[in-house]
Amino acid sequence: MITPFTANKTAPLPFAYKYDNQIYDFNPYVSPSGHRRKKQRRNSSMASSDDSDVSSDSDSKPTITLDKMKIDVNFANEVSFFSESSSSDLDSLPDYSDDDFSPFSDVEDGDTTTGSDFSSPDRCDLKSPPLIKGSNINSIIGQVSELVSEPEPEYQPPSIFEVPEIVYRILKIVDVQTTHVPQEVPPVSRNSCTLPKSLSSQQLTSSMSGTLYNCLMVNRLFYQITKEILNEKIIFSNEGHFNKFVDVLEKSLNARILKPKVLVLHKLFTAKQKTWEILKSRIDYSNIEHLELYMCPKLYPQFTTKESTLQLEKLRKLVVTGSRVLDDKFLINLSETCCNLQTLDIRACELVSDYGIYFIGQRCTQLKEINFGRKNRGSLITDLSCSVLIRNNKQLKTVGFAGCHISDKSIWDLAVNCNTTLERLSLNNCPLITNQLIPLILHSDYFERMSVLELRYVSSVTNWKPVIEFKRRQEFRGISMLIEVCDDLNRQMKKQELEMDKCLSKRIFRDIVIWMNELDDGDLPYQTFVEQQLQQQQQQQSVQLK
Amino acid sequence: MEDHSEDDLVNHIALKIGLIGDSQIGKTSLMVKYVEGSFDEDYIQTLGVNFMDKKVTIRNTTITFSIWDLGGQREFISMLPLVSNDAIAILFMFDLTRKSTLNSIKEWYRQVRGFNKTAIPFLVGTKYDKFIDSSYQDQLEITQQAKKFGEAMNAPVIFCSTSHSINVQKIFKIIISRAFDLKLHLDEIVNIGEPILLYKH
């Protein structure tokens with residue numbers, strides 16, 4: 001597996017702006033011949049499946065037949081086509097003079113009499129009767145047509161792997177398919193039904209990653225474009241690699257300033273604030289959309305310099321978890337600079353309190369996913385800030401209040417403001433939640449889209465019947481509902497569920513027994529049947545007697 | 001909110017029942033009779049599989065009988081899994097006026113058990129109204145044979161007449177009582193010549 005750092009290590013390739021630019025804006029009709037030929041050779045040797053390339057001249061390509069046909073059929077158009085484009089077109093054709101494979105190379109060398117642009121028609125003379133050279137347009141057409149109809153290798157259109165736009169698309173797809181932001185695997189101890197899925201995706205990630213780095217080594221064009229794509233996403237999950245990357249950034253003073261869209265630092269436990277300062281000097285955050293510092297406890301993500309406040313209008317997703325330095329001041333700054341924030345995940349940032357979240361709730365109105373979950377110091381986050389945030393963000397889908405000291409008030413605010421959007425709600429370890437509100441709002445059928453409800457260690461909830469009924473209703477609607485609870489509560493819930501089922505089946509059976517034992521069920525009783533038969537027989541007999 | 005109250009009140013039960021037996025016995029007729037309450041003398045051969053739902057609502061409970069009927073021709077045996085898989089009861093049906101159809105039950109039973117070992121088997125004789133016109137000797141023979149088969153299969157034995165509505169509803173009541181092990185207050189009919197109703201084993 002190639003790690004992010006090795007990719008950066010390959011950087012010192014010769015960089016000549018003009019040269020590389022030419023490759024990048026490759027145009028088969030204007031590019032100088034020599035350079036192009038080199039590339040084509042490399043290409044044909046790469047594509048070894050193309051037999052024609054190997055057997056004949058390296059410049060021959062199947063498309064040449066198409067050109068020929070066009071000219072053969074549209075003879076009338078040919079004049080204008082060739083007379084207009086001859087100079088430039090022929091210039092751009094491969095120069096045969098230094099081509100060892102060309103069957104005409106000898107002739108070319110010996111041909112000193114014609115120094116005109118139409119040196120190539122002269123070559124045709126060898127195989128066809130000599131034609132009159134000069135001003136007669138017809139003779140030129142003749143010569144040209146002769147030339148074209150010869151099975152001589154000519155202009156080779158670029159392969160799709162030489163068109164930067166196409167290569168860009170290809171590499172973009174490689175990026176989308178193989179670049180994964182590292183994610184935490186849920187702990188195995190949980191008996192969560194989502195576990196197997198996330199495990200399998202993790203395996204997939206490890207087997208596929210690195211493909212983009214291999215693309216760096218294909219050729220210059222691939223290198224250029226891949227690097228551009230790689231620079232959009234800076235993802236590190238290994239401290240060694242990250243430190244080397246920062247070192248390189250620090251040393252290469254005149255390298256380009258990076259403008260990433262994604263910056264993810266995953267579990268860099270020892271990364272120091274100094275490295276962030278270096279990053280800050282080399283990275284332009286104006287394009288950033290997704291910033292993640294997952295379990296990097298010592299990094300304080302600071303974008304603004306003292307002189308200017310940078311507006312991070314594109315930032316949609318901010319994940320800073322397990323930070324020991326993130327504080328309310330950061331959140332206040334954030335609320336001023338990132339008004340379009342949609343995801344805010346500050347789990348286990350225990351310095352954060354109501355003060356910072358209040359500002360976020362006041363100024364950010366686009367939030368869809370929030371997670372303030374924490375283990376310690378839950379009393380710092382209360383209804384004071386959360387209900388303000390909920391009232392200003394009515395599209396919340398995912399809400400994590402695990403361990404926070406919120407009360408039923410915030411839950412009620414959620415029910416009122418985010419009734420139709422809320423999908424996932426975590427209230428693990430919330431000590432102030434009571435048995436009153438959750439059963440009530442679930443019974444009243446709020447949260448019609450909810451699919452995950454976490455209630456671990458919320459021991460105050462004892463009325464499980466509405467919760468179970470809600471779960472069944474959701475499943476009836478086609479939403480597979482997951483209610484995450486701890487073992488103790490799970491036992492309670494299971495017990496309640498069993499009792500409900502018993503009660504239900506009792507009712508059902510009572511109904512069925514009534515139905516089963518109804519006397520008049522539509523069947524003809526045997527007695528009646530026999531009587532009918534007898535009557536019929538008597539009738540028949542009486543008819544016969546008459 | 002509506003969902004809620006409805007869901008609270010109405011309990012749903014769904015049962016799948018398969019009808020198996022030789023051709024021209026009246027499997028489709030029985031199904032149509034039970035679901036729609038109508039009877040048609042004309043014979044229409046079942047090509048493959050027929051399927052109908054019968055909903056019975058009692059107070060707060062709705063029972064849905066999903067009735068699957070397999071064409072009696074041998075070529076449809078490939079569709080047997082469709083009918084027998086997941087079925088809670090299989091009705092092995094024969095024509096009371098044709099002894100051969102009773103004898104085929106053995107083979108049908110063997111085939112069905114290959115796919116579904118848990119379904120409750122039922123032995124159902126049809127066309128009881130025609131059966132009573134046959135000779136006493138024939139009636140005796142058929143009835144005794146059917147009882148023997150029923151014992152061997154541990155299956156209730158029921159004679160019915162679709163055209164005269166004899167024992168049609170009873171079949172499905174007995175299915176329910178067997179499926180949920182519920183007490184059914186219904187007298188058995190055991191005498192030869194009468195529409196046999198044997199279900200208390």
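Sequence lines set the chain letters: A, B, ... in the order given, protein chains first and strands last, and positions in each chain run from 1.
In this structure, B/Asn11 CG and A/Asp511 CG are separated by 7.5 Å, a value rounded to the nearest 0.5 Å. Taken from CE in A/Met516 to CG in B/Leu182, the straight-line distance is 5.0 Å, to the nearest 0.5 Å. Between the CD atom in A/Gln527 and the CD atom in B/Glu194 there is a gap of 8.5 Å [rounded to 0.5 Å]. Going from atom NE2 of B/His164 over to atom CD of A/Gln532 covers 6.5 Å, rounded to the nearest 0.5 Å. In this structure, CZ on B/Arg59 lies 10.5 Å from CZ on A/Arg507, to the nearest 0.5 angstrom. Separating the CG atom in A/Asn517 from the NZ atom in B/Lys183 is a distance of 9.0 Å, to the nearest 0.5 Å.
For B/Arg113, the CZ atom sits in a packed shell: over 12 heavy atoms of surrounding residues, nucleotides or ligands are nearer than 6.0 Å. Environment of NZ in A/Lys394: crowded, with over 12 heavy atoms of neighbouring residues, nucleotides or ligands closer than 6.0 Å. Within 6.0 Å of the CG atom in B/Asp53, the count of heavy atoms belonging to other residues, nucleotides or ligands exceeds 12. More than 12 non-hydrogen atoms from other residues, nucleotides or ligands lie less than 6.0 angstrom from NZ of B/Lys54. Within a 6.0 Å sphere centred on NZ of A/Lys397, heavy atoms belonging to other residues, nucleotides or ligands number 12 at most. By the 6.0 Å contact criterion, CG on B/Asp181 is open, its count of non-hydrogen atoms from other residues, nucleotides or ligands being 12 or less. Counting non-hydrogen atoms of other residues, nucleotides and ligands closer than 6.0 Å to CZ of B/Arg98 gives a total above 12. The number of heavy atoms from other shown groups lying within 6.0 Å of OH (A/Tyr457) does not exceed 12.
Nearest heavy atoms, B/Ser165 versus A/Gly522: CB-O, 3.9 Å. Of all non-hydrogen atoms in A/Tyr526 and B/Pro195, the two that sit nearest each other are CD1-CD, 2.9 Å.
The candidate with the highest count of non-hydrogen atom pairs below 4.5 Å against chain A, out of B/Val56, B/Ile166, B/Ile63, is B/Ile166. Per-residue heavy-atom pair counts under 4.5 Å with chain A were compared for B/Ile174, B/Asp129, B/Ile132, and the maximum is reached by B/Ile132.
Contacts between B/Phe159 and chain A at a heavy-atom distance below 4.5 Å are absent for every atom of the residue. Contact annotation for A/Glu448: neither backbone nor side-chain heavy atoms come within less than 4.5 Å of a heavy atom of chain B.
Ring orientation note: the planes of A/Phe529 and B/Tyr128 are tilted relative to one another, at an angle of 30° to 60°.
Looking at A/Asp523, its side chain does come within 3.5 Å of a backbone N or O of B/Lys170 through a donor-acceptor pair.
Side-chain contact check for B/Thr61 versus A/Trp515: every heavy-atom pair is 4.5 Å or farther apart.
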